[in-house]
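Below is one structure, written out as structure tokens; the observations come after it.
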Amino acid sequence: MPSFQITSRVSASLPYVWSKFDQNLLAKLAPPFPIARIIQFDGCQVNDKVFIELDFLLYRTKWYSVISSFKADATSYVFVDEGTKVPFGIKAWRHEHRIESIDEKTSVIVDKISFQTNFKLLDCLLFPLIWGMIAYRIPLYKKYLRQPA
């Protein structure tokens, strides 16, 4: 199963970053293409659902995920979304979101992705596209999660 991890360091405390993990942030993290419309966003707790419609101009598709686990303590928040209906022949999707405290003014966000299609060639073709969609978030995290002085 292809998997990768991308780490983003942000200038904000853990509580501040966690307070911003909401529907507004999800909308800001969406790449410019395809156009993503958030139809449902329940949150980041177990059994919360996320439903996004992706518009490729000539083709629309739906992405459904459910939050399968959540854990929080004084130094981190971790939740996992798993795809229940995912496009492009993806048969398995797992996205672990980890937010960790570095110090009082710095946090790190770790996006760990695992996915699988029915064909190894399709896995290879999708890997750079999916990696790019997650790497696209790095400057956005830094911009939108920077804590005011």
Side-chain angles (χ1 to χ4, degrees), residues 1-72 76-100 106-148:
M1 180 181 295
S3 64
F4 63 90
Q5 177 175 301
I6 292 181
T7 302
S8 308
R9 190 177 179 108
V10 295
S11 299
S13 68
L14 176 66
Y16 181 83
V17 173
W18 177 245
S19 75
K20 298 296 183 185
F21 258 72
D22 58 15
Q23 183 171 338
N24 292 329
L25 180 63
L26 180 59
K28 289 175 182 172
L29 295 177
F33 189 81
I35 300 164
R37 290 182 188 88
I38 301 169
I39 308 299
Q40 179 179 350
F41 178 87
D42 296 342
C44 302
Q45 304 288 328
V46 173
N47 293 323
D48 284 350
K49 293 174 182 56
V50 179
F51 169 25
I52 299 171
E53 181 180 73
L54 301 173
D55 186 347
F56 290 87
L57 301 180
L58 298 175
Y59 169 73
R60 287 187 184 168
T61 188
K62 296 176 170 116
W63 186 296
Y64 294 90
S65 289
V66 65
I67 306 303
S68 60
S69 67
F70 172 82
K71 180 183 164 199
S76 68
Y77 288 86
V78 182
F79 66 98
V80 175
D81 74 78
E82 296 195 41
T84 56
K85 181 182 179 197
V86 187
F88 313 119
I90 298 172
K91 70 176 185 177
W93 173 268
R94 184 177 192 277
H95 182 176
E96 178 181 289
H97 308 257
R98 179 177 297 274
I99 308 160
E100 298 175 339
T106 312
S107 300
V108 67
I109 301 166
V110 180
D111 288 291
K112 185 175 180 182
I113 307 289
S114 301
F115 71 95
Q116 186 174 22
T117 70
N118 287 319
F119 305 101
K120 295 241 184 244
L121 178 59
L122 187 54
D123 289 349
C124 293
L125 292 172
L126 287 178
F127 187 93
L129 298 172
I130 294 171
W131 184 91
M133 288 175 57
I134 302 302
Y136 175 82
R137 295 176 170 200
I138 295 170
L140 300 175
Y141 280 144
K142 291 176 188 277
K143 178 180 179 181
Y144 292 114
L145 297 177
R146 183 175 190 82
Q147 191 165 358

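We number each residue from 1, following the sequence as shown.
Considering Tyr59, Phe56, Phe119 as possible partners of Phe88, the one that fulfils the ring pair (Phe, Tyr, Trp, His ring centres under 6.0 Å) test is Phe56.
A donor and an acceptor atom, one from each side chain of Trp63 and Ser65, are located under 3.5 Å apart. With no hydrogens or angles considered, a side-chain donor-acceptor pair links Ser68 and Glu82 at under 3.5 Å. A donor and an acceptor atom, one from each side chain of Gln147 and Ser13, are located under 3.5 Å apart. A donor atom on one side chain and an acceptor atom on the other are found under 3.5 Å apart for Asp42 and Gln40.
Side-chain atoms of Asp22 come within 3.5 Å of backbone N or O of Leu25 as a donor-acceptor pair. Looking at Lys142, its side chain never comes within 3.5 Å of a backbone N or O of Ser8 through a donor-acceptor pair. Without hydrogens or angle criteria, Thr106 side chain to Ser11 main chain gives no donor-acceptor distance under 3.5 Å.
Within the 4.5 Å cutoff, side-chain heavy atoms of Tyr141 are placed close to those of Asp111. Within the 4.5 Å cutoff, the side chain of Leu14 has no heavy atoms near those of the Val17 side chain. Using a 4.5 Å cut-off on side-chain heavy atoms (C-beta onward), Val50 and Leu26 make contact. Lys28 has its side chain out of reach of Leu140: every pair of non-hydrogen atoms, C-beta onward, lies at least 4.5 Å apart. Contact check for Glu53 versus Arg60: side-chain heavy atoms found under the 4.5 Å cut-off.
In plain terms, the two heavy atoms of His97 and Asp81 that are nearest each other are NE2-OD2, 2.7 Å. Of all the heavy atoms in Ser107 and Ala12, the pair that sits closest is OG-O, 2.8 Å. The two atoms that bring Ala36 and Ile52 nearest to each other are CB-CG2, 3.9 Å, heavy atoms only. Here the shortest heavy-atom pairing between Thr117 and Lys91 reads O-CE, 3.6 Å. Nearest heavy-atom pair across Arg146 and Tyr16 is O-OH, 3.8 Å. Looking at every heavy atom in both residues, Trp18 comes nearest to Ile99 through CE3-CD1, 3.6 Å.
Between the OH atom of Tyr77 and the SG atom of Cys44 there is a distance of 11.0 Å, given to the nearest 0.5 Å. Within the model, atoms NZ of Lys62 and NZ of Lys85 stand 6.0 Å from one another, a figure rounded to the nearest 0.5 Å. Note that the CD atom of Glu96 and the OG atom of Ser114 stand 9.0 Å from one another [nearest 0.5 Å]. Here the CD-CG distance, from Gln116 to Leu122, works out to 11.0 Å after rounding to the nearest 0.5 Å. Note that CD of Glu100 is 8.5 Å distant from OG1 of Thr7, once rounded to the nearest 0.5 Å.
Relative ring orientation between Phe79 and Phe21 is described as perpendicular, the plane-to-plane angle rising above 60° on a 0-90° scale split at 30° and 60°.
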side-chain contact (heavy atoms from CB on, under 4.5 Å) between Val80 and Ile67: does it pass, once the steps are laid out?
CA-CA 6 Å; Val80 175; Ile67 306 303; 6.0 Å; no

Derivation of the side-chain contact (heavy atoms from CB on, under 4.5 Å) call for Phe51 and Ile38:
CA-CA 6 Å; Phe51 169 25; Ile38 301 169; over 6 Å; no

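Surrounding CZ of Arg37 are more than 12 heavy atoms belonging to other residues, nucleotides or ligands, all under 6.0 Å away.
Here Phe4 pairs with Ile6, Ile113, Phe127, Ile130, Trp131, Ile134 under the side-chain contact (heavy atoms from CB on, under 4.5 Å) rule; sequence neighbours left out.
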